[in-house]
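Inspection log for the structure reproduced underneath, given as structure tokens.
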Amino acid sequence: MRTDRVPYADIRAYLEIHETVIVPIGATECYGPHLATGTELRICEAYATEIGERAGIAVVPVVPFNYSHMFLDYPGTCSVEMATLEAYVLDVCDGLAAQGFRRFFFVNVHNGSLGPLEGVCRTLRRRHGSMGALIDVFSVMRDVGGVAFETKSAPTAHAAEMVTSVALHLCPELVFMDRAKPPLISPPPSPKVKALSGNKIAFGGSHFINFANMADDSPMGLRDDPLPATAAKGERIWENAVAYGAEAVGIYATMTPPTGVPA
């Protein structure tokens, strides 16, 4: 049930039986030369809506902006500070908790919101005794997508084969395959290291994080070749990921609440 598509009486009736709500946190940012800046936003909203429908769980409207400062070199990227995102989402969820929602299931598509959403969940628990959880859409797609990718370097990375395939299936009007091309990746910042994926710098058996912008190592705004993407791959990835998400939120809705009592 999308809460913005029904009268409040329907939501009140839902709260007499349920206490779980799905909160999608989207992003509006560069997604390579071939995908619209609203691609992540559309995927996030559709994913939350569909898993909610399958599991019978309420879904609130998507938050459209995120902490996307690493993409601000690309026109059209919309970004807010982490503190702003946390405060905004907390205000919304605080009001929902006051209405009776006690289990918050965040659908996330962007690493920049992980810290703020953890902060929201922990504050809601202190204030309301609420539970908070998060599912990362693209991690689920990587884990259970069930397709063999043609690109071998980073097919599941930003704007690469996996997400482009999903977009071709879900929102083809946001895909401009005539502009798709392999990325131009900048050389590693030191001859002693290997850049694994953007900020992750590897050497000597482990790695450290370098807070670089997307344009520093990928001027075109993508991590790997999107050309092998197909709508057929995207459909399979989508169906498998949605099935997983619906089951996950169903499990979450019936989990035993934590007691938080120290030994």
Side-chain angles (χ1 to χ4, degrees), residues 1-6 8 10-12 14-29 37-38 40-52 55 57-72 77-140 209 211 245 248-262:
M1 177 182 68
R2 280 285 299 263
T3 61
D4 56 325
R5 299 176 184 174
V6 297
Y8 75 86
D10 295 34
I11 304 166
R12 182 162 56 193
Y14 171 88
L15 283 167
E16 293 176 359
I17 305 171
H18 305 284
E19 61 179 9
T20 303
V21 62
I22 297 171
V23 184
I25 308 296
T28 304
E29 64 189 30
T37 59
E40 277 192 335
L41 180 64
R42 181 74 65 86
I43 290 173
C44 182
E45 181 177 32
Y47 189 82
T49 299
E50 192 153 343
I51 69 171
I57 301 296
V59 184
V60 298
V62 65
V63 175
F65 305 131
N66 211 307
Y67 177 75
S68 299
H69 283 21
M70 64 292 293
F71 296 102
L72 282 174
T77 294
C78 299
S79 184
V80 298
E81 297 288 351
M82 286 188 180
T84 303
L85 178 63
E86 181 172 346
Y88 179 79
V89 175
L90 178 58
D91 280 352
V92 172
C93 294
D94 192 56
L96 292 170
Q99 297 164 13
F101 290 100
R102 286 294 181 272
R103 296 172 187 247
F104 294 84
F105 192 81
F106 292 95
V107 170
N108 191 56
V109 292
H110 186 65
N111 286 339
S113 48
L114 294 176
L117 292 178
E118 180 180 350
V120 169
C121 291
R122 298 195 183 283
T123 300
L124 289 172
R125 180 170 177 177
R126 290 199 309 272
R127 290 181 182 177
H128 302 282
S130 301
M131 294 171 59
L134 178 149
I135 191 169
D136 183 82
V137 177
F138 296 141
S139 292
V140 172
I209 302 297
F211 293 106
V249 73
I251 292 171
Y252 179 69
T254 58
M255 283 172 49
T256 302
T259 59
V261 178

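FYI, the numbering just counts along the sequence from 1.
Smallest separation of non-hydrogen atoms from P258 and M131: CD-CG, 3.9 Å. In terms of heavy atoms, A48 sits closest to I22 at CB-CG2, 3.9 Å. Scanning all heavy atoms of the two residues, the minimum distance from T49 to R2 falls at OG1-NH1, 3.1 Å. Across all their heavy atoms, V21 and V60 have their closest contact at CG2-CG1, 3.7 Å.
Taking CG of L117 as the reference point, atom CG of N66 lies at 7.5 Å (rounded to 0.5 Å). Expressed to the nearest 0.5 Å, how far CG of L134 lies from CD1 of I25 amounts to 8.5 Å. In this structure, F65 CZ and T84 OG1 are separated by 12.5 Å, a value rounded to the nearest 0.5 Å. C121 contributes atom SG, which lies 11.5 Å from atom CZ of R126 (distance to the nearest 0.5 angstrom). The structure places CG of L15 at 9.5 Å from CZ of R102, a figure rounded to the nearest 0.5 Å. Here the straight-line distance linking atom OG1 of T20 with atom CD1 of I57 works out to 5.0 Å at 0.5 Å rounding.
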Margin query: Pair H128, F101 - check side chain to side chain contact (heavy atoms under 4.5 Å, CB included), show working.
Written below: CA-CA 10 Å; H128 302 282; F101 290 100; over 6 Å; no
Before you tell me yes or no, could you show the steps for R42 and V62 under side chain to side chain contact (heavy atoms under 4.5 Å, CB included), namely the whole-Å CA-CA distance, both residues' side-chain angles and the distance that decides it to 0.1 Å? CA-CA 9 Å; R42 181 74 65 86; V62 65; over 6 Å; no
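With hydrogens and angles disregarded, a donor-acceptor distance shorter than 3.5 Å links the side chain of S79 to the backbone of S68. For Y14 (side chain) and A58 (main-chain N/O), a donor-acceptor pair under 3.5 Å exists by modelled atom type. Judged purely by atom type and a 3.5 angstrom limit, T28 has no side-chain atom pairing as donor or acceptor with the backbone of C78.
In this structure, the side chains of L124 and L90 come closer than 4.5 Å at one or more pairs of heavy atoms. Put simply, the side chain of L72 reaches to within 4.5 Å of the side chain of H69, judged on heavy atoms. Put simply, the side chain of P116 reaches to within 4.5 Å of the side chain of M82, judged on heavy atoms.
N111 CG: 12 or fewer foreign heavy atoms inside a 6.0 Å radius.
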Can I get a per-line list of side-chain donor-acceptor pairs under 3.5 Å for residues 103-110, giving both atom names and the distance, sequence neighbours left out?
{"residue": "R103", "atom": "NE", "partner": "E19", "partner atom": "OE2", "Å": "2.7"}
{"residue": "R103", "atom": "NH1", "partner": "Y252", "partner atom": "O", "Å": "2.9"}
{"residue": "R103", "atom": "NH1", "partner": "M255", "partner atom": "O", "Å": "2.8"}
{"residue": "R103", "atom": "NH2", "partner": "M255", "partner atom": "O", "Å": "2.9"}
{"residue": "N108", "atom": "OD1", "partner": "S113", "partner atom": "OG", "Å": "2.4"}
{"residue": "N108", "atom": "ND2", "partner": "H110", "partner atom": "O", "Å": "2.8"}
{"residue": "N108", "atom": "ND2", "partner": "S113", "partner atom": "OG", "Å": "3.4"}
{"residue": "H110", "atom": "NE2", "partner": "Y67", "partner atom": "O", "Å": "2.7"}

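For the salt bridge (charged side-chain N to carboxylate O under 4.0 Å, His left out) test, residues two or more places apart in sequence or in another chain that qualify with E118 are R122.
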